[in-house]
Amino acid sequence: MTTMNIETIWPRVCKILRARLNPDTFSRWIAVIMPKKESSAAVLTLMVSNDFYQSWLEENYLGLIKDVVHEVCGQPLQIQFEVNPEAAPPDQTINNEAPGARKNAPAKKSVAAGRESEITLNPKYVFDSFVIGPSNNFAHASSFAVAQAPGKAHNPLFIYGGVGLGKTHLMQAIGHYILAQSKMHVYYLSCESLMNEYIDHLGRRRLKQFRDKYRTTDLLLIDDIHFLARTNQLQEEFFHTFNVLYDAHKQIVMTSDRPASEITGLEQRLVSRFEWGLVTELSHPDFETRLAILRFKQKAFNVVLPEDVLVFIASRIRSNIRNIEGALNTLTFYSSLNHESMTVPLAEKLLQNSLEKENIEPLTIDTIQRAVANMFDVRMGDMASKHRSQSVAFPRQLAMYLCRTLTKASLPEIGSAFGKTHATVIYSCRQIGKQINTDQQLKQVVEKLTGQFNKSAPLL
Ligand code: ADP
Ligand code: MG
């Protein structure tokens, strides 16, 4: 490739990438790249200003860049990254309006302590508006204990569970409580915002500022920590932040969509730290809790729906609390516009879309066990047997893994369906998870089974 080529090729590659990526992604990750003029005929060298960009691009965008370069050049080229601190003009990322951290810049809220807590907490997410039931009472009690004695009761607190089950609500309730009761300094932010902020500081060579900020707070609330696994450098940074805060008895609270041990790519030293304190799960609310939540919410919304309509929503919308709120919103909005009293048939009509989604039969542990037993030619009874021979143990581990990834069953539920403890389920999932990354054949088996389930019983 000649110098001339690179200078014409790269702008064309960028043009295509700009069209395929969202503007934030493009300006954060692609606009910072400078192609090296001295690239050889078969290798295109792309320069970036620090190794964080390099590893992030390699992990997330290398395939796409390769494809587009292939498209533009009409032949595949090898792509390599090189770190060159001069590569990106200073403040380049800052001038592009991309960075999510600033876009989602937290509102400043003063607290009496003199230093400010930079947080935006939803005023609705307080303990008083959290309805307690069997699915969440342990998580609620643990959160309340932490709020009453930060840094002392359970540190760290790790709350995990599926989407829309109240993780953010509980975490913010801790923040509200502590801000109201004390002069403590609090940070609440999503892991994604933390990452964006980290990158901004890195780009501006102000890591010390970033460190000072998060290592000196009294309470650090990080929402959706599972995103941490996306980048090794932030894991490293967070590891040290965690240690400093923990050693100083400062409270750390994290939420995640799964237990730390199941976050693929999360370093072991972080997994174990995340489990040092208290780990608590939010599971799916039962009918009574769903109804109690509806009753509570309608009071908060200042509306009154007939009891049979509330029962109808609670019995038909089971997947998560956010959807229950959505249904209530729809009906309330309709009533306010039409001044028509709500009835069950009318509610059924208005909620048709949400109900259709809810009606899809969720995949069950039993279906998975049956399909795996079939595929590996073992007896259904072997799924819960004590046989340890590899011919039985492997399909059993695989079935546990599929149950964990494809159903909403909790670890104890899966454990009991396989006659195992929940620690064995975690171990099995980890084994299979690791193996899938290296064993092409296993990967295909998993894809085949997943495809089969999707046809017969689409997932919610
Ligand atoms: P997650 O972070 O787990 O995805 P959220 O905390 O955002 O879920 O909760 C989704 C919605 O459901 C929020 O509006 C929240 O207030 C509400 N919610 C969740 N659990 C409860 C509960 N136990 N009582 C009242 N509202 C709840
Ligand atoms: Mg959340």
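For the single chain, residues carry numbers from 1 onward in sequence order. Counting starts at 1 for both ligands and their atoms, following the listed order. Quick caveat, the model's predicted, so the values are computed rather than measured.
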Q: Give the numbers and elements of all ligand 1 atoms closer than 4.0 Å to a heavy atom of N136.
A: 23 (N)
Q | Taking atom 6 (O) of ligand 1 as the reference point, the nearest protein heavy atom with its distance | A | H169 N, 2.8 Å
Q.
What protein heavy atom lies closest to atom 8 (O) of ligand 1? Include the residue and the distance to one decimal.
A. G166 N, 3.1 Å
**Q.** R273/E267 under salt bridge (Lys or Arg N to Asp or Glu O under 4.0 Å): CA gap, chis, key distance, verdict
**A.** CA-CA 10 Å; R273 275 167 179 73; E267 289 175 18; over 6 Å; no
Q: Show your reasoning for whether ring-ring contact (aromatic ring centres under 6.0 Å, His included) applies to F127 and H176.
A: CA-CA 9 Å; F127 284 119; H176 277 301; 9.3 Å; no
Q. Could you walk me through whether Y177 and F144 pass the ring-ring contact (aromatic ring centres under 6.0 Å, His included) check?
A. CA-CA 9 Å; Y177 190 93; F144 196 61; 5.3 Å; yes
Q: With atom 3 (O) of ligand 1 as the reference point, say which of K297, R322, K167 has the nearest heavy atom.
A: K167
Q) Does even one non-hydrogen atom of G133 get within less than 4.0 Å of ligand 1? A) no
Q | Side chain, backbone, both or neither: I132 near ligand 1, heavy atoms under 4.0 Å | A | neither
Q) Below 3.5 angstrom, do we get any N/O pair linking V131 and ligand 1? A) yes
(Q) Minimum distance, heavy atoms only, to atom 14 (O) of ligand 1: which one of E325, Q172, K124 is it? (A) E325
Q) Quick one: which ligand 1 atoms are inside 4.0 Å of a heavy atom on V163? A) 4 (O)
Q | Option nearest atom 27 (C) of ligand 1 (shortest heavy-atom distance, choices V126, L165, I321, L294) | A | I321
Q.
Show me which atoms of ligand 1 lie under 4.0 Å from any heavy atom of G162.
A. 3 (O)
**Q.** Note, F418 side chain near I365 side chain (heavy atom, < 4.5 Å)
**A.** yes
Q. Any side-chain heavy-atom pair from L266 and H226 closer than 4.5 angstrom?
A. no
**Q.** salt bridge (Lys or Arg N to Asp or Glu O under 4.0 Å) between R295 and E307, intermediate numbers included
**A.** CA-CA 9 Å; R295 290 207 179 106; E307 185 64 13; 2.2 Å; yes
Q: Please determine if R269 and E236 form a salt bridge, counting it only when a charged side-chain N lies under 4.0 Å from a carboxylate O.
A: yes
Q | E197 versus H201, side-chain donor and acceptor atoms under 3.5 Å | A | no
Q: Specify the protein heavy atom at minimum distance from atom 25 (C) of ligand 1: its residue, its atom name, and the distance to 0.1 Å.
A: S129 O, 3.3 Å
Q) To which protein heavy atom is atom 13 (C) of ligand 1 closest, and what is the distance rounded to 0.1 Å? A) Y125 OH, 3.5 Å
Q: Answer yes or no for M171: is there an N/O/S atom below the 2.8 Å cut-off from the Mg ion (ligand 2)?
A: no
Q) Backbone N or O of L310 within a donor-acceptor pair of the Q298 side chain at under 3.5 Å? A) no
**Q.** ligand 1 contact by G164, heavy-atom criterion under 4.0 angstrom
**A.** yes
Q: Heavy-atom contacts with F130 under 4.0 Å: which atoms of ligand 1 show up? List them by number with element.
A: 20 (N), 21 (C), 22 (C), 23 (N), 24 (N)
Q: Identify whether the distance between the nearest side-chain nitrogen and carboxylate oxygen of K443 and D439 falls below 4.0 Å.
A: no
